[in-house]
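Since the structure comes first, as C-alpha cells, the remarks are kept for the end.
Proteins get letters first, then strands, A, B, ... in listed order; numbering begins at 1 in each.
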Number of protein chains: 2
Amino acid sequence: MVTDLENDSDYRQMLRDAGLRVTPQRASIITILSETDDHPNVEELYEKTRALDDTVSVATVYRTMSVLENAGLVRKLVMDDAPARYEMMPHTDHDHLVDIDSGDLIEIPGTEIAELMSRVAAELGYHIVSHHTVIRARKT
Amino acid sequence: MVTDLENDSDYRQMLRDAGLRVTPQRASIITILSETDDHPNVEELYEKTRALDDTVSVATVYRTMSVLENAGLVRKLVMDDAPARYEMMPHTDHDHLVDIDSGDLIEIPGTEIAELMSRVAAELGYHIVSHHTVIRARKT
DNA sequence: TGACATTTGCGAATAATTCGCATTTACATG
DNA sequence: CATGTAAATGCGAATTATTCGCAAATGTCA
C-alpha cells in the first residue's frame, strides 16, 4: 500500500489549505502513518518514522499529530488505559473495538453509529465536530 | 438529592458482593459522587470529599475509582484532552456530548447508541464489556 | 477478641505529553 | 532567485495525571 503521487500531492495541498507548511518531517510522518495498517501510538509512529528519516523528534510527532488532527487529516483514538493512537482520517468511516483480552484494535466498518450520533446530537441542537468511540469487548 | 438509607445499604452490599471492604473513605467518596450532578474529575471529587471527610487522600480517590469501576459501580469518562471524569453507574443509561465551546458535558438520554453498538459488536462475535463514547459538538 | 489480609496516607516514581528557547527553514514577495 | 519573516524544529526540561512502595491502620470473619 504505497502512497502514490496523487495522494501525495493531496496531503501536500491539504496542508497548504490548512495554512500549514509542508516540512520534510511532516511528509515523513504522514507517509509512515499512511502506509501503516494498524493504529500506532506516538512512540511506535516515532520509531517507524525514525527509520525513514532521522531528523524527526518525538516532540515533532506529538506536534504533528495535534496539528493534523485540527486540520482534519488525522483521527486520534483516545484509549482507556494506554497512550492515544492515531490513524489517517479514513474515507470509509468506521468505529473501533478493543478486544480486552488480546488488546487488538478492530475496525467496525460502516457509518451506522456515526449516523445515529449525528441524528441524536441534532435533536439536542448540536452538530458533531468529532467523536471518539472505543468499545471494549470480549469474544462471545 | 440525598442518598437515602436504602441506596446506602445498596452500595454497601454491592461493595461486599464484590469482595471489597466498606471503609469510611469509600463511603465518603461514594456519597459525594452520588450527590453530585456533574461529572467530576479526581481533583474535584477529592476536594469535595475532603470537605466532608478529611481522612481521604488523592491516592485513595484514584484507587477507589479504579476499584469501583471494576466492580461496575462507577463509570469512567475518558476525555480527549482533560483528566478523566466519573459518574455513578447510571440506572438509566446515557451517553455524553461535550460542548467544545463551553466545555460543558451534556448527557444524551436513551440507550439507542448503546443498543446499536451491542448489535454491531454481536455481528463481529463480541459482547461489550464497556464503551466510552464522547461526542465533541458545537451548537447549531 | 484476635488474626490477618486489605486498605490507607504519604511522598516518591512513572508515563505521557507539552513547553521554552535558540536555531533552522518554507515560502511569499519583490 | 535572493531574502525577510513567521512557522516549525530539536533538544531537554517541565508539567500533568496517575500509579507505586511501604509502613501503619483497620474492616471482617472466625
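Backbone-only engagement by B:Arg26 is indicated by non-hydrogen atom pairs under 4.0 Å involving sugar-phosphate atoms exclusively. Within 4.0 Å (heavy atoms only), A:Val67 reaches no atom of the nucleic acid at all.
We find that CD of A:Glu43 is positioned 10 Å from P of C:dT17, with the value rounded to whole Å. Put simply, CE on B:Met79 is 17 Å from C1' on C:dT17, counting in whole angstrom units. When rounded to the nearest whole Å, the span between CG of A:Asn70 and C1' of C:dT18 equals 14 Å. The CD-P distance, from A:Gln13 to C:dA26, rounds to 17 Å in whole Å. In this structure, B:Arg63 places its CZ atom 15 Å from C1' of D:dA17, rounding to the nearest Å.
Ion pairing between B:Arg75 and B:Asp93 holds under the 4.0 Å rule for side-chain N and carboxylate O. Salt bridge annotation for A:Arg119-B:Glu112: present, with a cationic side-chain nitrogen under 4.0 angstrom from a carboxylate oxygen.
How far NZ of A:Lys76 is from CG of A:Asn41: 12.0 Å, rounded to the nearest 0.5 Å. In this structure, B:Glu87 CD and B:Glu107 CD are separated by 5.5 Å, a value rounded to the nearest 0.5 Å. Taking CG of A:Leu124 as the reference point, atom OG1 of B:Thr140 lies at 10.0 Å (rounded to 0.5 Å).
The side chain of B:Ala84 lies closest to D:dT18, out of D:dT18, C:dT17, C:dC19. Out of D:dT18, D:dT9, C:dT8, the shortest distance to the side chain of B:Thr60 is found at C:dT8. Closest contact between the side chain of A:Tyr62 and the listed nucleotides C:dT8, C:dA16, D:dT9 involves C:dA16.
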Each nucleotide of nucleotides 25-30 of chain D classed B (base within 4.0 Å of a protein heavy atom), S (only sugar-phosphate) or -, in 5' to 3' order, makes -BBS--
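Position along DNA chain D of the nearest nucleotide to B:Ala59 versus B:Ala82 favours B:Ala82 as the more 5'-ward residue.
Environment of CD in A:Glu43: sparse, with no more than 12 heavy atoms of neighbouring residues, nucleotides or ligands closer than 6.0 Å.
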